[in-house]
Amino acid sequence: MATAAWQPQEDGLKEICGLLEQYRLPTVDQSRIWQQHQGCSQLPDFNNYLAFILCRAEGDAVNIRQAAGLLLKNNLKSNYQSIQPSHLQYIKAEVLPCLGSSDFGVRTTVGTIASVVLQHGGFQCWPELYQALVQCLDSNVYNHMEGALGALFKIAEDLPEMLDSDVPGFADRPLAIFIPRLLQFFTSEHAALRRLALGTVNQFIVLFPAALFSNMGQYLQGLFSLANDSVGDVRKLVCAALVQLLEVQPNALQPHMRNVIEYMLQANKDPDRDVALEACEFWSAFCEAHLPPDLLREFLPRLIDILLDNMVYADDDEALQDEDEDENAPDRDQDIKPRFHQSRIVGSTDGAEEVEDDDDDDIINSWNLRKCSAAGLDILSTVFGDDILPILMPLVQVRLSTTEDSEWVQKEAAILALGAVAEGCISGLLPHLAQIVVYLVSFMEDTRPLVRSISCWTLSRYSKWIVRVAQSPEGQLQFDGILTGLLRRILDPHKRVQEAACSAFATLEEEAAEDLAPRLEPILQHLMYAFGTYQRRNLRILYDAIGTLADAVGSELNNPKYLEILMPPLISKWQQLSDNDKDLFPLLECFTSIAQALGPGFIQYAEPVFMRCINLIRTHQVAKADPQSAGVNYDKEFIVCSLDLLSGLAEGLGSSIENLVSRSDLRDLLLQCCTDEAPDVRQSALALLGDLVKACAVHLQPRLAEFLSLAANQLGQNVKENVSVANNACWAIGEVAIKVRSEISPIVLTVISPLVRILSNTEGLNKSLLENSAITLGRLGWVCPEIVAPHMEHFMQTWCRALCTIRDDFEKEDAFRGLCAMVRLNPGGAVSSLALMCEAIGSWHEIRSKELSSEIAQVLHGYKQMLSQSNSWEQYFGTLDGTLREKLVKTYGL
């Protein structure tokens with residue numbers, strides 16, 4: 001046997017022990033130790049030494065046993081296949097008896113080693129481990145039981161499916177043997193064993209194997225017996241189990257639901273806030289499980305009261321510690337989160353499906369009991385609607401009316417609650433909205449910064465309805481009061497309030513849009529004053545508010561008096577920031593919105609902005625290959641942001657950008673970006689390709705075939721992996737088509753095939769890609785009908801279905817021009833899809849182009865005449881929905 005054959009050499013053992021000992025010292029030269037370690041690790045039996053030290057070292061060397069074990073685990077993880085079978089046998093034989101070692105660190109390490117070995121071979125390669133685990137669990141010796149449970153917990157965490165798989169030579173699946181034993185430990189006198197056993201079984205709830213299903217009664221009984229365990233960690237696991245069961249197997253809990261709800265109400269008040277947080281997840285899970293709401297209805301008065309209590313700031317909440325921090329306190333590095341620019345999505349839905357920021361994340365702080373309670377109240381309000389208001393509002397009013405300074409946290413929580421239910425209970429709150437707004441505007445002036453900040457957030461939750469009401473004279477006054485209040489808070493001396501006010505104002509801007517135009521001067525004055533005082537963290541949020549304002553008011557911003565307020569500070573900041581400063585990202589995004597809003601008005605600022613974007617792209621493309629000569633480390637975000645700003649310039653300036661493009665190497669840089677391995681670089685490059693084609697196609701012409709080939713490649717087999725890249729490629733090809741017309745003919749058939757595949761296999765694809773595919777297919781049919789029309793019968797049905805979903809606009813008009821052009825050349829290709837074609841035509845609310853309307857009428861009348869000859873027109877037309885038939889008859893005189 002390998003154990004007898006291999007023995008450590010005394011010198012080797014001393015050297016490796018010395019190495020491990022030194023490695024633990026904080027003052028040691030780590031690079032020298034690393035080199036020595038590399039030398040030792042080349043020894044074929046190095047891992048045997050580590051196993052020997054872990055399992056047998058005594059005396060002074062006991063301190064380094066765990067270090068040897070962790071190193072052994074890492075080596076097994078990364079080099080398992082290259083370890084000699086005899087050495088593996090030795091390692092297994094050595095570590096197995098230590099599963100129940102008297103040293104906690106050693107047995108824990110052995111458990112992790114066991115999990116790593118099983119990942120590579122399963123129990124069939126180490127049946128002795130299975131036997132040892134069963135023996136240890138049955139031994140009644142604490143160290144053995146704890147070691148086996150610790151190992152099983154780790155194995156269940158890493159390899160749950162493996163424990164529920166058949167093993168050659170085993171009568172049962174391992175889990176069938178382990179689950180009943182684990183459940184017995186729920187009643188152990190030792191808290192650590194109860195915690196490990198429960199934690200291990202919980203790992204299988206999502207998988208829900210037969211072994212758990214067949215023991216479900218005993219498992220639930222065990223959970224209920226542990227519900228009031230003296231140890232918080234165990235109670236937390238009970239709550240986690242019940243939440244998971246509710247998500248995965250709600251039917252298992254339904255017979256016990258009253259008792260479970262009672263328990264969760266109790267656990268939601270647990271003095272251990274970790275237990276209370278785990279219990280609080282139950283209410284969202286209940287609502288999302290679509291169980292009958294009446295199961296919970298009678299408990300709402302108690303539940304809402306508990307949620308409100310838990311929405312009060314905890315004494316150790318970080319926000320309370322920051323409460324005295326004013327605008328002059330420097331930002332800490334950990335306060336400035338890494339930010340990620342979202343590449344531009346273009347075309348039919350034009351970014352409507354982009355992921356939104358979690359705008360309340362910083363206002364309600366990181367995930368904790370307070371935020372979880374607010375989320376629970378939010379989802380309850382969407383399920384029960386106005387029914388919760390008679391319970392909630394008296395509790396809120398009591399807390400809002402407190403005059404005790406020490407009770408301000410109760411007031412703050414009540415304001416948070418009003419924000420949480422804003423959407424779910426809006427119909428019941430709408431009659432009282434004016435009064436709620438009066439309260440919130442007054443609370444924005446509170447002496448407590450956190451009351452001011454939460455009032456801003458809550459106001460933003462009502463933005464949609466505030467803007468709707470603002471159409472009346474009274475509503476205008478209310479709107480102006482809110483706007484004034486938010487602008488004052490943007491200049492608040494407290495950084496958390498600045499952040500909340502800026503975010504709330506950005507939300508209001510999106511809803512109010514052009515309604516802000518008459519108020520632009522005071523808005524810009526406040527924002528640019530803040531620009532001079534904010535530090536880095538909040539400056540990023542301010543950039544977003546300025547960019548959102550530009551998006552909202554559009555060309556209204558193009559006024560000399562507004563530009564005089566807005567542009568000088570931004571240009572000054574633009575000049576201050578170096579080319580490798582990541583604070584450029586939000587400024588580039590801000591300039592993108594401003595360029596699009598100002599349109600030709602941006603021309604006076606365009607050249608330095610354009611040239612800097614070109615330089616940033618060029619520098620970071622060089623840095624990718626040679627950071628030293630570029631002088632900066634490569635960061636694709638600089639390229640993506642620069643490409644998107646160039647898109648904004650092309651869109652805003654139109655043909656006026658031609659002079660800048662002609663004097664630069666943008667075409668060649670863009671071609672490089674279209675081949676980049678990073679999907680988000682390709683995504684933004686393809687968006688810019690489409691925008692440049694619209695603005696100045698002549699400068700792309702010499703390499704247009706290459707651009708089109710690269711764009712067509714993005715529509716290949718891996719579309720679902722990079723949907724947004726495919727979306728932009730599809731849109732760009734359509735833009736090129738209508739600009740260069742028949743010059744696109746060489747790639748038409750190459751593109752048609754993947755477009756049809758996208759329209760035929762829609763699962764996993766977003767609405768934007770499907771709409772852009774339908775539009776581009778139509779545009780190709782319009783400019784090259786003689787190439788596309790012969791293939792109509794292969795795509796007509798899926799294409800018409802997609803056309804039905806597109807909103808009325810000029811892109812949809814292009815697609816229908818293609819439809820008419822192809823039908824004229826090949827009317828027979830669409831006969832079998834005539835009903836769907838009629839539905840697509842009927843999807844128009846109004847066709848503004850009289851020319852297109854006339855073409856569609858000709859197509860329909862042509863089919864009526866053609867099919868009437870064989871008496872089959874009524875057969876086709878009669879299958880249509882009555883409302884659609886009536887619409888077509890009325891619109892096109894059929």
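Computed from a predicted model, the values in this text were never measured in an experiment.
The two residues A276 and D270 make their nearest non-hydrogen contact at CB-O, 3.9 Å. Of all the heavy atoms in A51 and Y90, the pair that sits closest is CB-CE2, 4.3 Å. Taking each heavy atom of S214 and A211 in turn, the nearest pair found is OG-O, 3.3 Å. Between I53 and R65, the shortest heavy-atom contact is O-CG, 3.3 Å. Closest approach of T619 and A630 over heavy atoms only: O-CB, 3.6 Å. Q218 and L183 make their closest contact through NE2-CB, 3.7 Å (heavy atoms, listed as atom of the first residue, atom of the second, distance).
Ion pairing of R235 with E278 is absent here, as no side-chain N (NZ or NE/NH1/NH2) approaches a carboxylate O to less than 4.0 Å. Between R194 and D229, at least one side-chain N (NZ, or NE/NH1/NH2) sits under 4.0 Å from a carboxylate O, which counts as a salt bridge. A salt bridge does not link E637 to K582: none of the charged side-chain nitrogens sits closer than 4.0 Å to a carboxylate oxygen.
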CA sep, side-chain torsions, deciding dist, call: N47, N79, side-chain contact (heavy atoms from CB on, under 4.5 Å) = CA-CA 10 Å; N47 291 312; N79 303 310; 6.0 Å; no
Please lay out, stage by stage, how Q244 and V206 fare under the test side-chain contact (heavy atoms from CB on, under 4.5 Å).
-> CA-CA 7 Å; Q244 274 195 293; V206 173; 3.4 Å; yes
Could you check Q266 against N228 for side chain to side chain donor-acceptor pair (under 3.5 Å), going step by step and ending with a plain yes or no?
-> CA-CA 10 Å; Q266 173 195 325; N228 296 306; 2.7 Å; yes
I would like to know whether I639 and C673 meet side-chain contact (heavy atoms from CB on, under 4.5 Å); could you show each step before the answer?
-> CA-CA 9 Å; I639 296 179; C673 291; 4.0 Å; yes
side-chain contact (heavy atoms from CB on, under 4.5 Å) assessment of Q221 paired with F186 = CA-CA 10 Å; Q221 199 177 335; F186 283 20; over 6 Å; no
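Going from atom OG1 of T109 over to atom CG of L72 covers 9.5 Å, rounded to the nearest 0.5 Å. Between the CG atom of D45 and the NE2 atom of H87 there is a distance of 5.5 Å, given to the nearest 0.5 Å. Note that CD of Q119 is 10.5 Å distant from CG of L76, once rounded to the nearest 0.5 Å. For the atom pair I64 CD1 and L71 CG, the distance stands at 11.0 Å (nearest 0.5 Å). We find the OH-CG distance between Y142 and L193 to be 5.0 Å, quoted to the nearest 0.5 Å. Atoms CZ and CZ, from R537 and R540 in turn, are 10.0 Å apart once rounded to the nearest 0.5 Å.
Around the CD atom of E157, the shell of radius 6.0 Å holds more than 12 heavy atoms that belong to other residues, nucleotides or ligands. Within a 6.0 Å radius of NZ in K269, other residues, nucleotides and ligands contribute 12 heavy atoms or fewer. At most 12 heavy atoms of other shown residues, nucleotides or ligands fall within 6.0 angstrom of atom CG in N633. By the neighbour-count criterion of 12 heavy atoms within 6.0 Å, atom OH of Y80 is densely surrounded, having more than that number from other residues, nucleotides or ligands. Residue Q131 places its CD atom among more than 12 non-hydrogen atoms of other residues, nucleotides or ligands, all under 6.0 Å distant. In the displayed structure, D626 atom CG is contacted under 6.0 Å by more than 12 heavy atoms of other residues, nucleotides or ligands.
The shortest distance between side-chain heavy atoms of L584 and L616 falls below 4.5 Å. Side-chain contact between L223 and L245 is present, with at least one heavy-atom pair separated by less than 4.5 Å. Between R173 and L163, the closest side-chain pair of non-hydrogen atoms is not below 4.5 Å. Within the 4.5 Å cutoff, no side-chain heavy atoms of N143 are placed close to those of S101. Side-chain contact between D579 and F638: absent, with no pair of heavy atoms (C-beta onward) separated by less than 4.5 Å. V243 is listed as a side-chain neighbour of E247, based on a closest heavy-atom distance under 4.5 Å. No side-chain heavy atom of F185 sits less than 4.5 Å from a side-chain heavy atom of T200. Between L212 and P209 there is a side-chain heavy-atom pair separated by less than 4.5 Å.
The backbone N or O of Q672 sits less than 3.5 Å from a side-chain atom of T675, completing a donor-acceptor pair. With hydrogens and angles ignored, the 3.5 Å screen pairs no side-chain donor or acceptor of N722 with any backbone N or O of Q714. Within the 3.5 Å criterion, the main-chain N or O of L237 finds a donor-acceptor partner in the side chain of N202. Side-chain atoms of K92 never come within 3.5 Å of backbone atoms of L129 as a donor-acceptor pair (strictly under, hydrogens ignored). Side-chain N or O atoms of D103 include one that pairs as donor or acceptor with a backbone N or O of V106 at under 3.5 Å. A donor-acceptor pair under 3.5 Å links the side-chain atoms of T187 to the main chain of Q184, judged by distance alone.
Side chain to side chain, N580 and S578 meet the donor-acceptor criterion of an N or O pair below 3.5 Å. For the residue pair N368 / Y313, no side-chain donor-acceptor distance below 3.5 Å is found, with atom types taken as modelled. When only modelled atom types and interatomic distance are considered, E94 and N48 share no side-chain donor-acceptor pair under 3.5 Å.
Residue R181 is tested with L149, L152, L137 for a side chain to side chain contact (heavy atoms under 4.5 Å, CB included); the sole match is L137. Applying the side-chain hydrogen bond (donor to acceptor under 3.5 Å, both in side chains) test between D676 and each of K636, Q683, K624, R682 identifies K624 as the sole match.
Two rings, from Y130 and F178, have their centers less than 6.0 Å apart.
Under the 30°/60° scheme for interplanar angles, the aromatic rings of H620 and Y634 are found to be tilted.
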